[in-house]
Amino acid sequence: MIKINLPHGNSVEIESNENKELNYSDREALDILRHTTAHVMAQAVQRLFPNAKIAIGPTIENGFYYDFDIPDHSLNMDDLPKIEEEMQKIIKENQKVEKQVIKNVQEQLTDFNLRGEVYKAELLMEYAQQNPTLYVCSVDGKAVWNDLCRGPHIPETKYIKAFKLLNTAGAYWRGDEKNKMLQRIYATAFWAKDDLKAYLTFLEEAEKRDHRKLSNQLELFSIKDEVGPGLVLWHPNLAFVREQIENYWRSEHRKRGYVIVNTPHIAKKQLWDISGHTGFYDDNMYYLNVEEDKDYVLKPMNCPFHMLIYKSRRYSYRNLPIRMAELGTVYRKERSGTLHGLSRVRGFTQDDAHIFCTQDQFVSEIHNVIDLVDYTMKIFGLTYEVELSTRPEKFVGEIENWDKAEAGLKQALEQKGIEYQINEGDGAFYGPKIDFKLKDAIGRTWQAATIQLDFNLPSRFDLKYTEKDGSLQTPVMLHRVIFGSMERFVGALTEHYAGAFPLWLAPVQAVLIPIADRHIEFAESVYNRMKEAGLRVELDDRSESMNSKIRDAQNSKIFYMLVIGDKEIEANAVAVRTRKGQAGVQSIDEVISNLVSEAKNR
RNA sequence: GCCGGCAUAGCUCAGCAGGUAGAGCAGCGGUUUCGUAAACCGCAGGUCGUGGGUUCGAAUCCCGUUGCCGGCUCCA
């Protein structure tokens with residue numbers, strides 16, 4: 001029995017093998033409610049669309065979904081209120097939800113098939129040996145609906161008090177694009193109405209932080225039809241933010257023993273034959289027909305170039321590791337439906353590096369990279385999730401090397417005390433990898449940093465170094481990025497800061513606001529002094545009211561507003577206002593020295 | 001690429017039982033000189049994404065196409 005303590009001192013008991021008590025705000029308690037709500041939703045959909053077949057309906061982080069195959073109808077937003085209404089009816093009927101062990105699988109299969117529930121039948125066949133259970137909804141003791149399900153479920157539908165259908169989407173059966181596309185409804189449910197309301201408010205607020213929305217307001221970037229999808233125009237403000245980040249990146253890499261290189265944007269197809277990209281990456285590459293039988297390719301990766309730089313001289317074990325970095329702009333023909341603001345584009349700059357080292361060095365090199373990732377994310381106040389992907393079925397290289405590499409990656413993560421999730425078999429064919437994922441405003445995750453071992457390219461390019469004993473050995477190679485791409489990272493940062501960049505990144509650090517025209521002259525002198533001090537300051541000398549200037553500055557999320565009127569001139573000072581409100585009067589000298597020292601802090 | 005939705009001025013949006021476009025903000029020209037989130041008046045801005053079709057007549061209806069949005073798949 002699971003006991004869930006509900007709002008207002010009530011409680012509900014859930015049939016289960018486990019014995020425990022949960023609070024209504026616990027994830028596990030929410031999952032039970034949401035799962036039952038998913039069943040109610042599925043039943044409602046089948047009432048409204050009798051030809052609908054049900055597939056799967058799991059709970060997810062902030063809600064649940066259910067997939068349907070509806071041959072004679074396409075679900076759209078207008079259907080959602082109707083389905084919600086039907087769900088309310090079901091809740092009013094206060095259906096009992098009861099577990100029923102499937103004693104005769106064959107009989108149940110026949111029943112599913114008879115009703116055309118082919119997806120449930122397929123699932124039942126797989127679970128046949130695992131004591132599958134059915135959850136039956138009934139009214140007045142009469143069964144009205146059932147679903148193959150592991151449970152647990154709430155005992156009666158009356159407990160469903162706060163739910164909302166959010167959107168519709170297409171989704172492949174079993175997540176495989178070779179399968180039929182089903183229709184999915186995303187929804188959420190909470191035990192308490194206030195919790196639902198709070199969640200919906202959160203979603204609204206999160207939408208305002210969307211970097212694509214903020215871009216209009218703050219003039220950050222644009223993507224124009226005339227240029228092409230997924231190709232970013234960086235406007236001055238965001239270009240400035242990027243410049244600051246790149247400056248950090250360069251100095252940090254130099255500190256950490258990297259060399260920085262530059263390589264071309266295009267190369268002969270032949271280069272990509274050597275790297276092997278033409279074989280498996282063809283669909284993503286842009287080909288340029290420069291001359292007949294001499295095709296050039298717009299680079300989708302920087303690695304081959306770095307291989308060749310490595311190869312241009314001989315190295316001994318004493319020279320390794322070589323850490324070769326580049327802010328390299330690559331172009332990949334991403335599928336049209338996957339593009340997304342700055343987060344998923346077709347032309348982007350990777351903060352790429354390739355580390356060439358010996359077998360004995362790669363664990364400590366991985367360690368170093370993890371360190372750099374963690375150090376960097378902390379500067380920006382970003383939190384991340386880590387995933388380790390291991391050897392896939394199709395792979396190159398020796399199994400011992402894979403095992404050693406995977407163990408090395410794990411060891412490095414564990415030594416740093418970083419929590420991670422293992423994605424078994426999800427590594428690249430050329431090596432295992434660690435991915436660092438950032439969340440956007442509404443909780444979608446985007447891969448940023450990644451560390452990948454490569455057992456393929458060094459031998460394809462025939463890279464060598466001389467060992468102590470004079471023998472020629474192939475170095476181990478690591479691909480790694482810290483930001484991932486400048487586009488995606490800056491997009492994530494914009495959402496993280498909600499557009500209000502910290503002082504060291506802010507394109508404009510302060511705006512001077514003279515109240516009336518007679519204050520402009522003094523404001524100009526302050527402006528000049530601040531400029532000389534290296535501050536990024538603007539003078540708003542428009543013929544507008546002070547309130548209007550403040551409003552504009554607030555909306556532009558400018559860090560400091562410095563108001564100048566009669567009193568300030570008298571005192572040789574400015575009235576400081578931050579984004580949060582008024583912050584007292586400071587003398588000119590004070591303001592300048594404060595801002596200068598504050599701007600140094602990252 | 002796939003499923004669904006959307007596309008009207010620089011931005012946000014109204015107009016859509018078919019009768020050749022409208023507001024606010026931004027911009028420009030004036031007036032105003034102001035104490036912590038919008039001073040006032042005026043002017044100018046759109047062949048309604050694009051190509052076809054239906055119709056006497058299309059922003060509005062139909063089809064194609066491009067782009068965007070939400071997902072799926074794939075990925076930095």
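- Using N1 to N3 plus N6-O4 or O6-N4 for Watson-Crick, or N1-O2 and O6-N3 for G-U wobble, each under 3.5 Å, B/A39 pairs with B/U31.
- Taking the C1' atom of each, B/U60 and B/U55 are spaced 13 Å apart, rounded to whole Å.
- Salt-bridge annotation for A/E207 and A/R212: absent, with no side-chain N of the basic residue lying under 4.0 Å from a carboxylate O of the acidic one.
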* Report, as a single string ordered 5' to 3', how protein heavy atoms within less than 4.0 Å touch nucleotides 31-42 of chain B: B base, S sugar-phosphate only, - not at all. => -BBBBBBBB---
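- Atoms CG (A/L165) and P (B/G4) sit 19 Å apart, rounded to a whole Å.
- No salt bridge links A/K53 with A/E117; every basic N to acidic carboxylate O contact stays at or beyond 4.0 Å.
- At the heavy-atom level, A/S336 lies under 4.0 Å from base atoms of the strands shown.
- Taking atom P in both B/U20 and B/U12, one finds a spacing of 28 Å when rounded to whole Å.
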* Asked: Can A/F436 and A/Y384 be said to form a ring-ring contact (aromatic ring centres under 6.0 Å, His included), step by step?
  -> CA-CA 6 Å; A/F436 298 76; A/Y384 54 82; 5.4 Å; yes
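- B/U50 and B/U8 have their C1' atoms separated by 14 Å, with the value rounded to a whole Å.
- Pair assignment for B/A23: B/U12, on the basis of Watson-Crick or G-U wobble contacts that are both within less than 3.5 Å.
- Note on ring orientation: taking the six-membered ring where Trp is involved, the planes of A/W272 and A/H277 are perpendicular (angle over 60°, cut-offs 30° and 60°).
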* Report the C-alpha separation of A/F429 and A/F395 in whole Å, then their side-chain angles, then the decisive distance to 0.1 Å, and conclude whether the ring-ring contact (aromatic ring centres under 6.0 Å, His included) test is met. => CA-CA 4 Å; A/F429 75 90; A/F395 66 96; over 10 Å; no
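- Aromatic ring orientation, A/F380 versus A/F489: perpendicular (interplanar angle above 60°, classes split at 30° and 60°).
- In this structure, A/D176 does not pair ionically with A/R174, as no charged nitrogen and carboxylate oxygen lie closer than 4.0 Å.
- Taking atom P on both B/U54 and B/U73, the two are 43 Å apart, rounded to the nearest angstrom.
- Its glycosidic angle being more than 90° from 0, B/G27 falls on the anti side.
- By the ring-ring contact (aromatic ring centres under 6.0 Å, His included) test, A/H39 is found to be paired with A/H35, A/W145, A/H153, residues two or more places apart in sequence or in another chain being considered.
- Look at the P atom in both B/U36 and B/U32: the space between them is 23 Å, to the nearest Å.
- Regarding A/D67, its CG atom lies at a distance of 14 Å from the C1' atom of B/C2, rounded to whole Å.
- Here the two rings, on A/F68 and A/Y66, have centers that are under 6.0 Å apart.
- Shown here, B/A58 forms no base pair; nothing in the strands shown gives a Watson-Crick or G-U wobble contact with both key distances under 3.5 Å.
- Under the ring-ring contact (aromatic ring centres under 6.0 Å, His included) criterion, A/Y172 pairs with no residue at all, not counting sequence neighbours.
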Would you tabulate the nitrogen or oxygen pairs shorter than 3.5 Å linking the protein to nucleotides 46-50 of chain B?
none

* Base, backbone or nothing for each nucleotide of nucleotides 71-76 of chain B, written B, S, -, heavy atoms under 4.0 angstrom, 5' to 3'? -> BBBBBB
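- The partner of B/G4 is B/C69, judged by Watson-Crick or G-U wobble contacts that both fall below 3.5 Å.
- With a 3.5 Å ceiling on both atom-pair distances, B/A44 lacks any Watson-Crick or G-U wobble partner.
- Between A/D552 atom CG and B/C11 atom C1' the separation is 14 Å, expressed in whole Å.
- Annotation: the span from A/D540 atom CG to A/S556 atom OG amounts to 9.5 Å, rounded to 0.5 Å.
- Between A/K433 and A/D435 there is a salt bridge, with a side-chain nitrogen of the basic residue lying less than 4.0 Å from a carboxylate oxygen of the acidic one.
- Looking at heavy-atom distances under 4.0 Å, A/L75 makes contact with sugar-phosphate atoms alone, never a base.
- Taking atom CD of residue A/E226 and atom P of nucleotide B/G10, one finds them 12 Å apart after rounding to whole Å.
- A donor-acceptor distance shorter than 3.5 angstrom exists from the side chain of A/R34 to the backbone of A/A189, with no hydrogens or angles considered.
- Here the separation of B/A17 from B/C62, taken at their P atoms, is 13 Å to the nearest Å.
- Once rounded to the nearest 0.5 Å, the distance linking CD of A/E387 with OG1 of A/T445 reads 7.0 Å.
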Distances for protein N or O near nucleotides 12-14 of chain B N or O, under 3.5 Å:
residue: B/U12; atom: OP1; partner: A/N216; partner atom: ND2; Å: 3.3

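- B/G46 and B/U65 have their C1' atoms separated by 22 Å, given to the nearest Å.
- Classified by interplanar angle (parallel below 30°, tilted 30° to 60°, perpendicular above 60°), the ring pair A/Y248/A/Y375 is parallel.
- Between the C1' atoms of B/G27 and B/G10, the separation comes to 9 Å (whole Å).
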